Amino acid sequence: MLVLYNFDEIIDRRDTGSLKWHYSDDTIPLWVADMDFKAAQPILDTIEQVAQHGVLGYTKPTAALYESIIEWHGSRYDLRLDKQNILFSPGVVPSLALMMNIFTEVGAAVLVNDPIYTPFMTKVEQNSRKLVTSALKEVEGQYHLDLADIEAKIVEHEVKLYLLCNPHNPGGRVWTRDELEALLSICKKHNVAIVSDEIHQDLTLSGHTFTPFLTLAEGYAHKVVSLTSMTKTFNIAGIKGSMIFAKDEALIKKISQQQHLNDEYELNLFAYTVMQSAYEEGGEWLEQAFAYIETNIDLTLRFLEEHLPDIKVMRPEASYLIWLDCSAYAQDDQTLYDTLRDAEVELSAGIKYGAEGHLKMRLNVACPKALLIEGLNRIHAAFSDVVKES
Ligand SMILES: Cc1ncc(COP(=O)(O)O)c(C=O)c1O
C-alpha cells in the first residue's frame with residue numbers, strides 16, 4: 001500500500017533530548033545533518049512490533065538482514081557483496097577511528113581533504129596519527145580533488161592511509177568514477193590504503209551517479225574499506241548502527257579481530273531490525289523525502305540568489321547540506337556564526353571543517369518548508385544589518 005508522507009508537518013522536537021533542537025529560545029536549527037521529518041512508516045511499525053513482542057534479549061544479525069543489505073547495494077549501485085564482506089559497527093565515526101589501527105601505526109601520516117566532516121580530522125589526531133590535509137580545488141562552483149597535491153603530500157609525508165568522503169560532506173560533491181579511478185591509481189602507486197566513508201551514498205541527487213569505491217578496488221581489495229549506514233539515509237541517526245564492507249578475506253578478519261578487542265562488533269536489537277526494514281521497505285519514503293528535499297534546495301538557491309546574491313553557493317550533488325561562502329558578510333568566523341545566532345538561526349560554522357571552511361557556513365535544508373523559509377528570512381535579516389566587506 002502506497003503511503004503518502006507529509007513532509008510539511010512541523011513536529012515539535014524540543015525537550016526530546018534532540019541534539020539539533022537544544023535551545024531554550026526560539027532558534028531555528030539548520031545545522032547538524034539530521035532531518036526534521038518522521039521516519040518511514042515501515043520503520044516505525046517494526047519498532048512497534050518489536051516492542052509488542054516484548055522480549056528484548058541478545059540478538060544476532062539474521063540471514064534476512066544480510067540479504068536486505070546485499071540486495072540494496074547490489075540493485076542500486078552494482079556493489080556485489082556476500083555476507084562475508086559485511087561487518088557491523090555502532091557508527092561510521094567509530095569505524096573511522098578503528099581504521100587507524102587497521103592500516104597504520106601510531107605516528108603514521110593520514111591524509112584527508114580540506115574541508116572535511118570534522119571527525120575525519122579529530123579521529124586522526126586523537127589516535128596519535130599525523131594529520132595531513134589536501135585542500136579541495138574550487139572550479140566553477142564545485143570542489144575537485146587536487147590530484148597533484150594529493151600525490152605530493154603522500155610522497156612528502158609518507159602517507160599510509162587516505163580517508164575519503166564519498167559523497168563529500170560538506171561540499172556535496174559526488175566524486176565521478178574517473179576522479180575515483182585517478183585517486184585509486186595514485187594510492188596504489190604509493191601503497192596507500194583507502195577508507196571511503198559513503199554514509200551519504202543514498203542521498204545522491206538526481207542527475208548524479210554515486211560510485212562505491214569498492215567497485216573499483218579489484219586487485220587492491222586488501223587496502224580498501226568502505227563505511228556506510230542506514231542512519232543518514234532514513235533519518236534514524238538516534239538508532240545508531242552502521243556497516244563496514246571489505247572484499248579481502250584477510251582484511252575482513254583483521255577488522256573483525258580488532259572489533260572484538262573492545263567487543264564492538266554488534267548492534268542492538270532495534271538497530272538490526274530497523275536496518276532490515278529500512279532496506280526492504282524504506283525506498284518509498286526515501287524517494288518522497290528526496291523529492292521534497294530537492295524542492296527545498298531549489299527554493300533555497302532561488303531565495304539566496306534573489307535576497308543575498310553576495311553569498312556564493314555550492315549546489316550540492318548529494319545530501320541536503322548547502323555550502324555557503326559568506327565572506328562578503330564577515331571578516332572572522334566567530335562573528336559570522338554569532339551574527340546568525342543573534343538572529344535566532346543556527347548553521348554549522350564552516351571553519352569546523354578545516355581551514356578551507358573559513359567564512360563559510362553549512363546550511364541544512366531538510367526540514368518542513370515553513371521552518372526553512374522562516375530560517376532563510378532570519379539569515380536575510382541578519383546579513384541585511386551587516387556592512388558588506390569590500
Ligand atoms: C560523512 C559523515 N560520516 C559519518 C557521519 C556520522 O556517522 P555515525 O553517526 O554513523 O557515526 C556523518 C554525519 O553527519 C557524516 O556526514
Side-chain angles (χ1 to χ4, degrees), residues 17-20 29-37 39 69 86-100 110 112-124 126-127 133 136 143 162-175 194-205 210 212-213 225-245 259 262 264-268 270-272 274-275 278-279 293 314 316-323 346-350 352-354 356-357 361-367:
S18 158
L19 173 71
K20 189 178 187 184
L30 303 175
W31 63 290
V32 64
D34 167 323
M35 317 181 202
D36 290 314
F37 304 140
I69 298 167
I86 304 169
L87 296 171
F88 296 96
S89 157
V92 167
V93 173
S95 300
L96 280 172
L98 184 81
M99 289 304 139
M100 303 297 150
V110 179
V112 308
N113 290 113
D114 179 1
I116 199 74
Y117 176 58
T118 316
F120 277 57
M121 297 177 284
T122 50
K123 292 301 143 204
V124 172
Q126 287 162 353
N127 282 279
T133 60
L136 293 171
Y143 278 134
Y162 182 98
L163 299 178
L164 173 71
C165 194
N166 172 38
H168 180 254
N169 175 13
R173 262 313 302 286
V174 178
W175 307 115
I194 299 155
V195 172
S196 183
D197 174 342
E198 304 187 342
I199 197 170
H200 291 270
Q201 62 184 33
D202 303 314
L203 309 182
T204 299
L205 295 161
F210 162 71
F213 207 87
V225 169
S226 71
L227 310 174
T228 197
S229 170
M230 75 304 179
T231 54
K232 197 74 39 193
T233 307
F234 295 99
N235 194 36
I236 48 175
I239 293 283
K240 291 274 180 195
S242 73
M243 290 151 285
I244 299 172
F245 299 150
Q259 286 190 306
N262 295 324
E264 283 176 349
Y265 59 92
E266 56 189 353
L267 306 184
N268 71 70
F270 287 99
Y272 284 136
V274 158
M275 187 186 275
Y279 286 140
I293 285 168
M314 208 171 259
E317 297 176 349
S319 92
Y320 43 78
L321 306 167
I322 306 182
W323 192 233
E346 182 169 11
L347 277 66
S348 300
K352 283 194 326 185
Y353 305 94
E356 294 294 314
M361 297 300 277
R362 196 192 71 173
L363 170 68
N364 173 352
V365 301
C367 64

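Counting begins at 1 with the first residue of the sequence. Values below: all heavy atoms of this structure, side chains included; hydrogens, waters and symmetry mates excluded. Remember, it's a predicted structure, so these values are computed and weren't measured experimentally. Numbering of ligands and ligand atoms starts at 1, following listing order.
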Answer whether the closest heavy-atom distance between the side chains of Lys123 and Leu163 falls below 4.5 Å. no
Would Asp114 and Thr133 count as having a side-chain donor-acceptor pair, cut-off 3.5 Å? no
Pro115 and Trp323, any side-chain heavy atoms less than 4.5 Å apart: yes
Near ligand 1, which protein residues have a heavy atom under 4.0 Å away? Ala33, Gly91, Val92, Val93, Pro94, Tyr117, Cys165, Asn169, Asp197, Ile199, His200, Lys232
Exam field: side chain Asn268 to backbone Ala271, donor-acceptor pair closer than 3.5 Å: yes
With no hydrogens and no angle check, do the side chains of Tyr162 and Asn113 hold a donor and an acceptor under 3.5 Å apart? yes
Is any side-chain heavy atom of Leu98 closer than 4.5 Å to one of Glu264? no
